[in-house]
Amino acid sequence: MISQDLIEQARERIASHVLRTPLTRSTSLSERIGAQVSLKLEHRQLTGSFKLRGATNAVLQLSRLERDRGVIAASTGNHGRALSHAARAVGSCATICMSRLVPENKVSEIRRLGATIRIVGSSQDDAQEEVERLVAEDGLSMIPPFDHPHVIAGQGTVGLEIVEEVPEVATVLVPLSGGGLAAGVAAAVKAMRPEAKVIGVTMDRGAAMKASIDAGHPVQVKEYRSLADSLGGGIGLGNGWTFRMCKALLDDIVLVNEGAIAAGIRHAYEHERELVEGAGAVGIAALLSGKLAHPKGPVAVILSGQNIDMTLHRKIINGTI
Ligand SMILES: *Cc1c(COP(=O)(O)O)cnc(C)c1O
């Protein structure tokens, strides 16, 4: 388990490298739910997602020699982007392995950040195999997207900020895939406010953490295309951290479908004036779709990322998707 102490240390370590993102009241969601709803605007984080927190916390703990050799990860996009940014900030260089399913806008952004890109296979697991080969052959340091204590502690800093701003928070909705964000946020929130419920939200197709918790051990799931592309991928059959933490700390996992995710993106844009990607909209989607009928307030919803293809965003806003 990651302690509150480690998360506090992470916050100090990364403070000068990341933004403390705003937390705002949502009038329209509060009225709709009948409880106070606040939005943690983490999609406005540098690089467009919370992933910068964990990546920065991990890179800053590497030795000079390790930084010189470089860092490597498999990524569906946002972690690769964050790691590229974090590596560059400390004078290191990132190699990013990703599957063919990753949208072109995310690939080109990572290329722009100066990283070396390798596109392999059609799943996160294929990309991960390539990472392991390069770690063994070239001595690069692997910084995984979620299953690493420094990464989890970094993501947990989002939870500290939420509880500081809404000390009486009763429900926190966290977008969930590999579980780095959910594990870190749940550890921070529950340490400071044990009675609060932390609920993971993910898409209904290929929900790896949900399937794994139901099975009692990490399982592989089929990957599908989704508007929430940042939530794709498995949790790793050899998962060492996030599976146990999510199993122990999450009060529930809620699944939302593609229509609900599109409605969440639209709501964010039209009613909150926020531009979010699919993964960043699943918390709003859960509230709007009635999947979480009467969450206890105050509710905090994490908007986790903004890196959506703008043509796709326009289609969703216009209702043609
Ligand atoms: C990575 C990511 C998630 C899921 O985070 P995990 O730590 O893998 O559970 C959610 N939203 C966005 C925007 C992401 O990039």
Side-chain angles (χ1 to χ4, degrees), residues 2 21 40-55 57-58 73-83 85 96 98 102-103 105-106 109-110 124 128 143-159 172-188 198-203 206-210 212-213 218 221 223 226-236 239 241-243 245-247 249-250 253 256 261 264-265 268 274-286 301-309:
I2 302 299
T21 51
K40 176 65 169 163
L41 305 182
E42 189 63 18
H43 62 296
R44 297 204 208 154
Q45 183 55 261
L46 302 174
T47 73
S49 83
F50 70 89
K51 292 270 190 342
L52 187 64
R53 295 178 187 250
N57 190 43
S75 172
T76 57
N78 284 337
H79 174 65
R81 186 166 169 162
L83 186 61
H85 180 102
I96 306 298
M98 55 184 95
V102 176
N105 65 312
K106 294 192 172 181
E109 178 60 25
I110 290 170
Q124 188 75 1
Q128 186 58 32
I143 311 286
F146 54 87
D147 198 29
H148 188 292
H150 300 165
V151 173
I152 297 167
Q155 321 306 30
T157 60
V158 175
V172 181
L173 301 186
V174 192
L176 170 68
S177 176
L181 180 64
V185 165
V198 180
I199 298 173
V201 188
T202 193
M203 73 270 205
M209 185 61 80
K210 169 94 170 94
S212 298
I213 289 177
V221 294
E223 283 188 48
S226 169
L227 291 175
D229 56 279
S230 293
L231 301 184
I235 68 165
N239 189 293
W241 292 87
T242 60
F243 171 69
M245 287 184 72
C246 287
K247 188 166 181 283
L249 297 174
L250 292 183
I253 296 177
V256 290
I261 296 168
I265 292 172
E274 299 295 340
L275 196 154
V276 296
E277 59 176 281
V282 294
I284 294 177
V301 182
I302 299 175
L303 309 190
S304 54
Q306 65 166 191
N307 296 323
I308 186 170
D309 178 83

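Along the sequence shown, residues carry numbers from 1. Values below: every heavy atom of this structure, side chains too, minus hydrogens, waters and symmetry copies. Note that ligands are numbered from 1 as they come in the structure, with each ligand's atoms numbered from 1 the same way.
The atoms of ligand 1 that sit less than 4.0 Å from any heavy atom of Ser177 are 4 (C), 6 (P), 8 (O), 9 (O). When each atom of ligand 1 is checked for a heavy atom of Phe50 under 4.0 Å away, the hits are 1 (C), 2 (C), 3 (C), 5 (O), 10 (C), 11 (N), 12 (C), 14 (C). Ligand-side atoms of ligand 1 in range of Pro175: 10 (C), range being under 4.0 angstrom from any heavy atom. Heavy-atom contacts of Glu277 reach the following atoms of ligand 1: 13 (C) (cutoff under 4.0 Å). Listed by atom number, the atoms of ligand 1 under 4.0 Å from Leu176 heavy atoms are 9 (O). Heavy-atom proximity to Gly305, at under 4.0 Å, picks out these atoms of ligand 1: 13 (C). The Ser230 neighbourhood of ligand 1 comprises atoms 1 (C), 2 (C), 12 (C), 14 (C), 15 (O), with distances under 4.0 Å to a heavy atom of that residue. Interface of Gly180 with ligand 1, defined as ligand atoms under 4.0 Å from a residue heavy atom, comprises 6 (P), 7 (O), 9 (O).
Remark: distances from the non-hydrogen atoms of Ala182 to ligand 1 are all 4.0 Å or more.
Shown here for Ile235 and Ala208, the closest heavy-atom pair between the two residues is CG2-CB, 3.9 Å. Taking every heavy atom of both residues into account, Pro175 and Ser304 meet most closely at CG-OG, 3.5 Å. The two residues Asn239 and Pro218 have their closest heavy-atom pair at CB-CG, 4.0 Å. Residue Ile2 comes nearest to Ala187 through the heavy atom pair O-CB, 3.5 Å, listed as atom of the first residue, atom of the second, then distance. When all heavy atoms are compared, the tightest approach of Leu250 to Ala186 is CD2-CB, 4.4 Å. Residue Met209 comes nearest to Cys246 through the heavy atom pair CE-SG, 3.8 Å, listed as atom of the first residue, atom of the second, then distance.
Taking only nitrogen or oxygen atoms, main chain and side chain alike, Gly179 reaches within less than 3.5 Å of ligand 1.
With His43 as the fixed residue, the side-chain hydrogen bond (donor to acceptor under 3.5 Å, both in side chains) test singles out one of Glu274, Glu277, Gln306: Glu274.
Proximity annotation for atom 14 (C) of ligand 1: of Arg81, Lys51, Met209, Gln45, Lys51 comes nearest, heavy atoms only. Across Asn78, Thr202, Leu231, heavy-atom proximity to atom 10 (C) of ligand 1 is greatest for Leu231.
Judged by distance alone, the side chains of Gln45 and Thr21 never bring a donor and an acceptor atom under 3.5 Å apart.
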